[in-house]
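What follows is a single structure, written as structure tokens, with notes after it.
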Number of protein chains: 2
Amino acid sequence: MPTGSDNKFKARQVTRPRDQVEQQLREAILDGHFGQGDKLPPETELAQQFGVSRPTVREALGALVSAGLIRKVPGVAGGSFVNSVTPDSLSQMLSESMDTIVRIGALDIAEITAVRRVLEIPAAQWAARNRSDADIAKMRSVIEQQKRTTIDDPDIPEYDLRFHTAIGYASGNRLLGAFIAAVHDATHPAQFLDVTSDVAKKTIRQHIAIVAAIESSEPEAAAAAMNEHLDYVLQYSLPNAS
Amino acid sequence: MPTGSDNKFKARQVTRPRDQVEQQLREAILDGHFGQGDKLPPETELAQQFGVSRPTVREALGALVSAGLIRKVPGVAGGSFVNSVTPDSLSQMLSESMDTIVRIGALDIAEITAVRRVLEIPAAQWAARNRSDADIAKMRSVIEQQKRTTIDDPDIPEYDLRFHTAIGYASGNRLLGAFIAAVHDATHPAQFLDVTSDVAKKTIRQHIAIVAAIESSEPEAAAAAMNEHLDYVLQYSLPNAS
DNA sequence: GCTGGTCAATTGTCCTACAATATACACCCA
DNA sequence: TGGGTGTATATTGTAGGACAATTGACCAGC
């Protein structure tokens, strides 16, 4: 028998069944063994394959659902389907997280709006270089909607979100687009609290100016127009800040 | 009996028990009925109070764990404890999400590094205005570590992350700090692949220059120094990009 | 006073069964 | 022949109970 010299005993951390199942499934999806939209085996089958019980499988699947990797649908044609994970889903999760942190009090709306400026000005700049015709069309369609609407339309913030998000993605940088959508969404509750007709009109005029600069591929003009727009708009979004 | 004119019948969406429990607990925490660090009732008790079974409660709690709102510890003194949710937790979740999206192929590292530039230059600028002495001390201590280490130190990326994160939070904007930490973390795998002694030394010199500008409250100089540093560093982080 | 073992509360996992759900398909009636 | 209608069925959702694992607290003994 070897003398007690326990050379290099590994002692890898014990992992609970639930985590092992979750990790294996996550890896399988990320490695492409299950493509987007594919249906993974039913829970009973997975339980058999992993040698664990169905509740354990369910907890693992639940974690993947929370992570946005899969979605579950009940019914005979149901099952666990691999989600198409895109920057959009990141944006959604991000804005939810920011909401809770703001609500907890560990983040101010003012900090979010400050980041908005940091993100949206370069976005306008890059959009002037990289925009496609579809991007321009999207911005125009939002502006048309804004023109047609009235002050009591509850969807006014939604239009604004769509406009700025369109510019974000027109920058050609999907991460930048996702960030902009998220920070914009998180500032919604504090925005357009008492929008007047004049404010709405001026907002639309500024939007038009931004699109014009982007369409004619003038990065500096686009950045300047966006800067001016944010200057104007953000003063209406923080009733209780300086 | 009223003539069949069913005026304004509600038909609110049916909600599953699991979601109701999750929503109620989430609201209770966010409304402050449970403070940070508080222990909520054991699962059996919650099941009784809600009138559902323990598995249902467990699924709801599991979702809250995934959301980072609570953590669960086993054992006699265990239970579900309310997490202190901060921008840090957002940063963690964010970098994980970006990792998976990159792995799926819906995001390029190049896009992340581009956003890094957008975020870190204003951060340096603001840090020059808002930094505390503790911030400066933290940056200095990281630099000291970097000076002492050798090329084969596996923690080199970790030092760099800490340095840039310190600047992010020194900006006084917690969201900006969290974003910087996340994007920096997500670019780690592609960074410092073959760092040479010369590169390490130059990196340290640039770090020193950045701290000097921040400490002497020169926003423009800090921004310029950061810009130069990113120019230099990012060329070593993308072996397979132009 | 310190070390060690036992206890108890709580979560983790398992089993089994039933309820709810939603598609697919046959069926009936016009 | 066509369209709605009911029914079968596969799958997830919920239930309830039982046991294993974990870990701090308490207690006994040296």
Side-chain angles (χ1 to χ4, degrees), chain A residues 11-26 28-29 33-84, chain B residues 11-26 28-29 33-84:
Chain A
R12 66 174 177 283
Q13 201 68 278
V14 299
T15 55
R16 303 203 223 310
R18 185 226 135 120
D19 294 329
Q20 291 184 43
V21 173
E22 178 185 343
Q23 196 55 28
Q24 281 196 51
L25 287 176
R26 166 173 266 127
I29 293 172
H33 290 108
F34 297 100
Q36 300 187 348
D38 281 4
K39 167 177 164 330
L40 21 121
E43 296 175 349
T44 54
E45 203 169 316
L46 286 175
Q48 253 186 335
Q49 291 180 13
F50 284 110
V52 298
S53 71
R54 191 159 86 96
T56 303
V57 170
R58 279 183 65 77
E59 296 223 359
L61 290 177
L64 295 182
V65 169
S66 290
L69 267 179
I70 65 173
R71 72 180 176 286
K72 299 172 75 170
V73 310
V76 52
S80 308
F81 295 89
V82 177
N83 260 339
S84 64
Chain B
R12 67 175 173 282
Q13 200 66 279
V14 299
T15 54
R16 304 202 219 313
R18 185 227 135 122
D19 294 329
Q20 291 184 44
V21 173
E22 178 185 342
Q23 197 52 28
Q24 282 195 51
L25 287 176
R26 166 173 265 127
I29 292 173
H33 290 107
F34 297 99
Q36 299 189 347
D38 281 4
K39 169 178 162 330
L40 20 120
E43 294 175 350
T44 55
E45 203 169 314
L46 286 175
Q48 251 184 339
Q49 291 181 14
F50 285 109
V52 298
S53 70
R54 192 158 87 96
T56 302
V57 170
R58 278 182 66 75
E59 296 223 0
L61 290 177
L64 296 181
V65 169
S66 289
L69 267 180
I70 64 174
R71 73 181 173 285
K72 300 172 76 170
V73 308
V76 52
S80 307
F81 296 89
V82 177
N83 261 339
S84 64

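Fair warning: this is a prediction, and the values are worked out from it, not measured in the lab. Values below: every heavy atom of this structure, side chains too, minus hydrogens, waters and symmetry copies. Throughout, protein chains are lettered first and strands after them, A, B, ... in sequence-line order, and every chain is numbered starting at 1.
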Using a cut-off of under 3.5 Å, enumerate the N/O to N/O pairs linking the protein to nucleotides 3-10 of chain D.
| from | atom 1 | to | atom 2 | distance (Å) |
| --- | --- | --- | --- | --- |
| D/dA10 | N3 | A/Val76 | N | 3.4 |

Expected rows: protein N/O vs nucleotides 16-19 of chain D N/O, under 3.5 Å:
| from | atom 1 | to | atom 2 | distance (Å) |
| --- | --- | --- | --- | --- |
| D/dA18 | N6 | B/Arg54 | NH2 | 3.3 |

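Shown here are the side-chain hydrogen bond (donor to acceptor under 3.5 Å, both in side chains) partners of A/Gln20, two or more places apart in sequence or in another chain: A/Thr15. A/Arg26 meets the salt bridge (Lys or Arg N to Asp or Glu O under 4.0 Å) test with A/Glu22; sequence neighbours excluded. Scanning for salt bridge (Lys or Arg N to Asp or Glu O under 4.0 Å) contacts around A/Arg71 gives an empty result, with sequence neighbours left out.
Map A/Arg18 and A/Pro74 each onto its nearest nucleotide of DNA chain C; the residue landing nearer the 5' end is A/Arg18.
Summarising the geometry, the separation between CD on A/Gln20 and P on C/dG12 is reported as 15 Å, rounded to the nearest angstrom. Between A/Ile70 atom CD1 and D/dT12 atom P there is a gap of 10 Å when expressed in whole angstrom units. Rounded to whole Å, the distance from CZ on A/Arg71 to P on C/dA22 is 14 Å.
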Result block: side-chain N/O donor-acceptor pairs under 3.5 angstrom for residues 50-61 of chain B, not counting sequence neighbours:
| from | atom 1 | to | atom 2 | distance (Å) |
| --- | --- | --- | --- | --- |
| B/Ser53 | OG | B/Thr56 | OG1 | 3.3 |
| B/Arg54 | NH1 | B/Glu43 | OE1 | 2.5 |
| B/Arg58 | NE | A/Glu59 | OE2 | 3.1 |
| B/Arg58 | NH1 | B/Glu43 | OE1 | 3.3 |
| B/Arg58 | NH1 | B/Glu43 | OE2 | 3.0 |
| B/Arg58 | NH2 | A/Glu59 | OE2 | 3.1 |
| B/Glu59 | OE1 | B/Arg18 | NH1 | 3.3 |
| B/Glu59 | OE2 | A/Arg58 | NE | 3.2 |
| B/Glu59 | OE2 | A/Arg58 | NH2 | 3.2 |

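Checking C/dC14, C/dT11, C/dA22 against the side-chain heavy atoms of B/Lys72 singles out C/dT11 as nearest.
Between B/Phe81 and B/Gly37, the closest heavy-atom pair is CD2-O, 3.6 Å.
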